Every structure is written in C-alpha cells, then in structure tokens.
Amino acid sequence: EPEVTQTPSHQVTQMGQEVILRCVPISNHLYFYWYRQILGQKVEFLVSFYNNEISEKSEIFDDQFSVERPDGSNFTLKIRSTKLEDSAMYFCASLAPGNQETQYFGPGTRLLVL
Amino acid sequence: DAKTTQPNSMESNEEEPVHLPCNHSTISGTDYIHWYRQLPSQGPEYVIHGLTSNVNNRMASLAIAEDRKSSTLILHRATLRDAAVYYCILRDGKSGGSYIPTFGRGTSLIVHP
C-alpha cells in the first residue's frame, strides 16, 4: 500500500537555525497538509496546500513558516528561525482526489530545538 | 465546528471486543463521523467513517445512533497493536476538497495481554 514518507525522522537544531522538513506524499494525491504535535498535546493543523498554493493556514503558521512543493514529488516545511517552542513532532499528510474522507499521515519528524 | 466528547481512557483485555463511545449532540445533518487512531510514536491513521448507517471495514465497525447524536467504534477482537489514542472527529459534508480534521484529546485505549 502506498505511504507518505518523511525525512528526517529526527532532527536536532540550535535555536535560531533554519530547518527544512521533507515529505513525499502519495503520488496521485493533490491535497497536502502539515500538522504538529507538541509532546503530550493534541495534533494541531498548520497548513494545507493545493494546486501549488496555500489553501488554509492556522494561527500557528506565522511568517517563520513556509511550505513548498519544489519538484512535484516533495512537499517541504521550512522554519526560518527556530524557537524552543517549535520542538514537536511534525506530521505531513495527503488526500487523494475524489476521496475527501481519508487523510494519509506520514510517520512524522521529531524536531528538537536546543 | 460541531464538537465531540470521548472518555479520556478505556481498558480492554486482548481478544475481547472494545466499544469506544463518542457523543456529538450538536452534529448537523451534513456532518460525517470520522475515526482516526494514533499508535505510540506514529502519525494518525484513518480507521473508519460514516454518515447515517452502520459501517464495517477490515479494521473496525462504526455504529451510529438513530438520532446521530452519538456513535461507537467497535473493535471486534482487541490486540496489543490496537493500543492507541482513538479520535472521533466530525467532518462537515458541505466543506470543499480541503478537509482538515480537528483532533481533540481522544480516548487512550489500553489493551492488557
């Protein structure tokens, strides 16, 4: 069965550094999402992306965040200047065309900001 | 958004059925009922969804009350691998292609060997 993949699985960075989290959605999917989950807390929506542009974003997704689909297969989340509170699991998800019921989530990237 | 209420945790023994309840008393006529689960250290995983009728798939069954104000996710024979947080989420059927599930705290299912 096709899967969403994410790299790296773990990343440790210093506060103020830029990080790029990578995702490869399922190949025929058209909607893409990033979520985050701070340790012990709920899964929170960050941003959705469709047709090469952001379709929705939450209050968390401020100017420090950006998303890109640079080459038709990868979907990236960039955090320009990381803060301690950005430490979390980041999940990518995708949704198939014609099936609005099932989001497929990746295994996540655990980001630790020191 | 219509809200859901779930117990914080439930326990079960392996190979026994598990009934996970969800209350959604403010559900609207176009809201679908979705269930996702999150195994430890993994991303959420779709389990099942329904609108009015009961639904079955290879993972679980979904029983929806006649007034749709509550539903129950049924795992017919729990395994240790079913230990996870189970989320009951409503999706507005009138929404467009960009469906964004809103995750609450869910029910943490503990399965005893």
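Given the structure is predicted, the values throughout are model-derived calculations rather than measurements. The basis for the numbers below is simple: all heavy atoms, side chains too, and nothing from hydrogens, waters or symmetry mates. Proteins come first, then strands; the chains are lettered A, B, ... in the order of their sequence lines, and each starts at number 1.
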Discussion item. Using 0.5 Å steps for rounding, measure from the CD1 atom of B:I100 to the OH atom of A:Y33.
Written reply: 6.5 Å
Discussion item. Go through it in stages, so that I can follow the logic: the residues are A:E44 and B:F103, the test is side chain to side chain contact (heavy atoms under 4.5 Å, CB included), and I'd like the CA-CA distance, side-chain angles, deciding distance and then a yes or no.
Written reply: CA-CA 7 Å; A:E44 301 174 289; B:F103 292 88; over 6 Å; no
Discussion item. I'd like to know whether CG of B:N8 has more than 12 heavy-atom contacts from other residues, nucleotides or ligands below 6.0 angstrom.
Written reply: no
Item to complete: Could you identify which residues cluster with A:V12, counting Ile, Leu, Val, Met, Phe, Trp and Tyr as linked when any side-chain heavy atoms lie under 4.5 Å apart, either directly or through a chain of such contacts?
Response: A:L112, A:L114
Worksheet item: Honestly curious: do B:L73 and B:I110 fall in one hydrophobic cluster under the side-chain, below-4.5 Å linking rule?
Response: no
Discussion item. Check for me, please, whether A:F32 and A:V4 land in the same ILVMFWY cluster - side-chain distances under 4.5 Å, paths through other members count.
Written reply: no
Practice prompt. Would you indicate whether A:D62, at its atom CG, is surrounded by more than 12 heavy atoms from other residues, nucleotides or ligands within a distance under 6.0 Å?
Written response: yes
Worksheet entry | Verify same cluster id: B:Y86, B:L90 (apolar side-chain graph, 4.5 Å) | yes
Worksheet item: Can you name the residues of residues 38-46 of chain B that have some heavy atom under 4.5 Å away from a heavy atom in chain A?
Response: B:Q38, B:S41, B:Q42, B:G43, B:P44, B:Y46
Worksheet item: Measuring heavy-atom distances to chain B, does A:Y50 have an atom under 4.5 Å in its side chain, in its backbone, in both, or in neither?
Response: neither
Worksheet item: Does any heavy atom of chain B fall under 4.5 Å from the side chain of A:Y35, the backbone, both, or neither of them?
Response: side chain
Fill in: Partner set under salt bridge (Lys or Arg N to Asp or Glu O under 4.0 Å) for B:D82, not counting sequence neighbours
B:R37
Worksheet entry | Flag if over 12 foreign heavy atoms under 6.0 Å of CZ, A:R80 | yes
Worksheet item: So does A:E59 have more than 12 non-hydrogen atoms from other groups sitting under 6.0 Å from CD?
Response: no
Worksheet entry | Those residues of residues 50-72 of chain B, ordered by number, that approach chain A below 4.5 Å (heavy atom to heavy atom) | B:R58
Worksheet item: Under 4.5 Å between side-chain heavy atoms, hopping through other hydrophobics if needed: is there a path connecting B:V47 to B:I74?
Response: no
Discussion item. So for atom CD, which belongs to A:E3, do other residues, nucleotides or ligands contribute more than 12 heavy atoms lying within a distance under 6.0 Å?
Written reply: no
Response to the item:
Note: B:R105 and A:G40 closest approach over all heavy atoms is NH1-O, 3.4 Å
Item to complete: Please check if atom CG in A:L39 has more than 12 non-hydrogen atoms from other residues, nucleotides or ligands closer than 6.0 Å.
Response: no
